[in-house]
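First comes the structure, then the notes that go with it.
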Amino acid sequence: MSSDSISIQPISSSTKSVAKKKVHIETWGCQMNVADSERMLSLLEANNYELTNSGPDNADLILLNTCHIREKARHKVLSRLGVLDQLKAQKPGLKIAVTGCVAQADGKKLVELAPQIDVLIGPGKIDELPRLLRERDITGESAVATGFDRHNEDIHQKVDDHQTLGDEPMIHIPSVTGKYEVNRFVNIIQGCNNFCTFCVVPFTRGREISRSMTEILQEVRYMVSQGAKEITLLGQNVNSYGLDLIGCDDVPEDGGPFVELLKAVAETPGVERLRFTTSNPHDFTKPLADLFASHPKLGLYMHLPVQAGHDRTLERMKRKVTIDQYMQRIEWLRASAPNIAISTDLIVGFPGETEEEFEATLRLLEKVRYSFVYAFKYSSRKGTAAARFLDQVSEDEKDRRLAKLNELQDKITLEHVLAAIGSVKDVLFIYNSKKDPRIWVGKTLDYRTVRVCSEANLAGKTLPVKLTSGNKIALIGELVQ
Ligand code: 5AD
Ligand code: SF4
């Protein structure tokens with residue numbers, strides 16, 4: 001990408017006087033996509049757009065930031081494009097941009113299938129959005145950019161040239177959700193080198209490229225200056241942050257650049273809570289677990305995806321850890337922070353998963369007693385190794401396993417919730433309900449959702465709450481006077 005292809009202007013530029021165009025953004029999938037949507041909105045704002053919250057009907061540009069992790073997500077994009085096509089027929093000039101992992105995976109094929117797409121951009125090319133919109137205007141053809149920059153220097157140069165002025169970011173990094181001004185996401189590493197056999201991410205997001213620590217800390221300071229209290233560092237595999245910068249294949253024994261980064265962010269004035277996701281157990285070190293004892297801002301919550309409870313399945317998934325090694329990481333965490341809540345990701349019905357192997361996953365749930373789990377039916381993704389495995393499990397069987405697993409975990413989650421009732425916990429309040437603005441929603445240090453009723457504006461405040469009731473989704477509480 002040539003460096004003159006983006007024209008980011010400071011927010012106070014002359015573009016302010018021209019009537020702004022409206023962009024409607026729909027973001028699916030993971031928090032990485034939320035961070036990417038924010039970055040794209042930032043670029044659009046510098047190019048005379050503003051976010052509309054009144055739906056797609058009044059928009060000049062509709063941006064679908066898509067997810068490709070499971071098959072259903074892609075069907076959702078295609079059916080959404082069908083609906084938007086009708087809107088486009090009524091509103092000449094309306095543009096549709098498709099970004100994210102479906103854009104990267106399907107590329108031009110998707111444009112052929114859905115010619116209503118004006119601009120299509122993969123996650124590695126989001127900085128090119130303004131240029132592609134202009135290209136679309138000039139040529140009248142759909143504009144497409146997919147793929148990844150090969151050199152780290154390009155990425156860093158790009159941001160240094162265009163995004164920073166002295167020590168602080170020059171452009172506004174807006175929140176796309178409106179809901180999450182209090183907890184903001186900061187991308188620290190793109191892509192993944194792991195190639196777990198079920199996963200499409202290394203194909204849709206490319207290889208690992210870390211951002212420089214200086215740039216990350218600038219962004220954190222910026223988010224704090226905008227009112228953020230909680231920062232979540234994001235990456236497909238945050239534990240391997242910086243290995244590309246220091247030229248290492250494995251995380252050094254002292255925890256390496258990621259541990260260094262966490263300490264620096266935790267010490268940034270104004271950061272009240274610090275979280276990070278997603279961690280791969282393979283790169284999860286003891287010094288990282290130890291930080292939970294020395295750095296209370298990390299809170300009492302850790303998401304550590306295991307995917308399956310049996311070594312044979314893990315090996316075929318190419319997860320590079322055994323259950324014993326995984327349990328060792330849980331022990332490190334619990335030695336560091338005895339009350340830490342742990343959650344995980346699980347896949348049921350991975351090709352060749354036997355009943356016995358599935359039962360081992362159920363036993364793991366009972367052993368770890370996760371705070372909650374995100375469980376998915378295996379979804380075959382074209383191009384991944386597991387898609388070629390012969391012994392695929394039937395959909396009915398996957399349904400049965402998922403239901404059984406969820407039933408067990410619901411019981412465990414409820415037991416955790418019941419144990420918390422009656423206690424007082426510090427809650428960081430994030431947003432209030434649109435329907436009833438007196439209902440405030442926040443998170444405990446151990447990442448439970450808590451709702452309270454209050455006439456006062458609680459956004460961004462951390463207050464003690466007495467927990468009075470709850471279910472597996474949320475706890476209800478009262479502010480302690
Ligand atoms: N099928 C089902 N679940 C998947 N995940 C990733 N790829 C697949 C797939 N092909 C799940 C994993 C991962 C989470 C983000 O999505 O559990 O941790
Ligand atoms: Fe996918 Fe595995 Fe990389 Fe996670 S670590 S993004 S599951 S390939």
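For the single chain, residues carry numbers from 1 onward in sequence order. We count ligands from 1, going down the list as the structure has it; atoms in each ligand are counted the same way.
- Within the listing of ligand 2, atoms 5 (S) sit less than 4.0 angstrom from a heavy atom of Asn280.
- Contacts with ligand 1 closer than 4.0 Å are made by backbone heavy atoms (N, CA, C, O) of Lys377 only, the side chain lying farther away.
- The protein non-hydrogen atom at the shortest distance from atom 11 (C) of ligand 1 is Arg70 NH1, 3.3 Å.
- Using 4.0 Å as the threshold, Arg319 has a heavy atom nearer than that to some atom of ligand 2.
- Residues Arg80 and Leu64 are in side-chain contact: their nearest non-hydrogen atoms beyond the backbone lie under 4.5 Å apart.
- For atom 7 (N) of ligand 1, the nearest protein heavy atom (residue, atom name, distance) is Phe198 CD1, 3.4 Å.
- Side-chain atoms of His416 and Ser371 include no donor-acceptor pair closer than 3.5 Å.
- For the residue pair Asp324 and Thr322, no side-chain donor N or O sits within less than 3.5 Å of a side-chain acceptor on the partner.
- Of the protein's non-hydrogen atoms, Asp345 OD2, 3.5 Å is the one closest to atom 14 (C) of ligand 1.
- Given atom 1 (N) of ligand 1, the protein heavy atom at minimum distance is Ser379 N, 2.9 Å.
- The protein heavy-atom contact nearest to atom 17 (O) of ligand 1 is Gln307 OE1, 2.6 Å.
- Close approach to Arg381 involves these atoms of ligand 1, each under 4.0 Å from a residue heavy atom: 10 (N).
- Of all the heavy atoms of Phe376, the ones lying under 4.0 Å from any atom of ligand 1 belong exclusively to the side chain.
- Looking at Glu395 and Lys398, a side-chain N of the basic residue comes within less than 4.0 Å of a carboxylate O on the acidic one, giving a salt bridge.
- Side-chain contact of Tyr301 with Ser343: a donor-acceptor pair under 3.5 Å is present, judged by distance alone.
- Of all atoms in ligand 1, numbered sequentially from 1 with element shown, those under 4.0 Å from a heavy atom of Tyr378 are 1 (N), 2 (C).
- A salt bridge does not link Glu366 with Arg369: none of the charged nitrogens is closer than 4.0 Å to a carboxylate oxygen.
- Ion pair Lys297/Glu230 not flagged as a salt bridge, since none of the NZ, NE, NH1 or NH2 atoms sits closer than 4.0 Å to an Asp/Glu carboxylate oxygen.
- Taking the ring axis of Phe198 as reference, the NZ or CZ atom of Arg381 does not stay both within 45° of it and closer than 6.0 Å to the ring centre.
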Hey, mind stepping through Tyr326 and Phe284 against ring-ring contact (aromatic ring centres under 6.0 Å, His included) and telling me if it holds? CA-CA 9 Å; Tyr326 180 82; Phe284 190 89; 9.2 Å; no
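- Ranking the protein heavy atoms by distance from atom 6 (C) of ligand 1 puts Ile69 CG1, 3.3 Å first.
- Listed by chain and number, the protein N, O or S atoms at a distance under 2.8 Å from atom 1 (Fe) of ligand 2 are Cys199 SG.
- Salt bridge Asp290/Lys286: present, at least one basic N to carboxylate O contact under 4.0 Å.
- If you run side chain to side chain contact (heavy atoms under 4.5 Å, CB included) between Leu217 and each of Glu219, Glu215, Arg221, only Arg221 comes through.
- Ring pair Tyr378/Phe350 is perpendicular by interplanar angle, where above 60° counts as perpendicular and below 30° as parallel.
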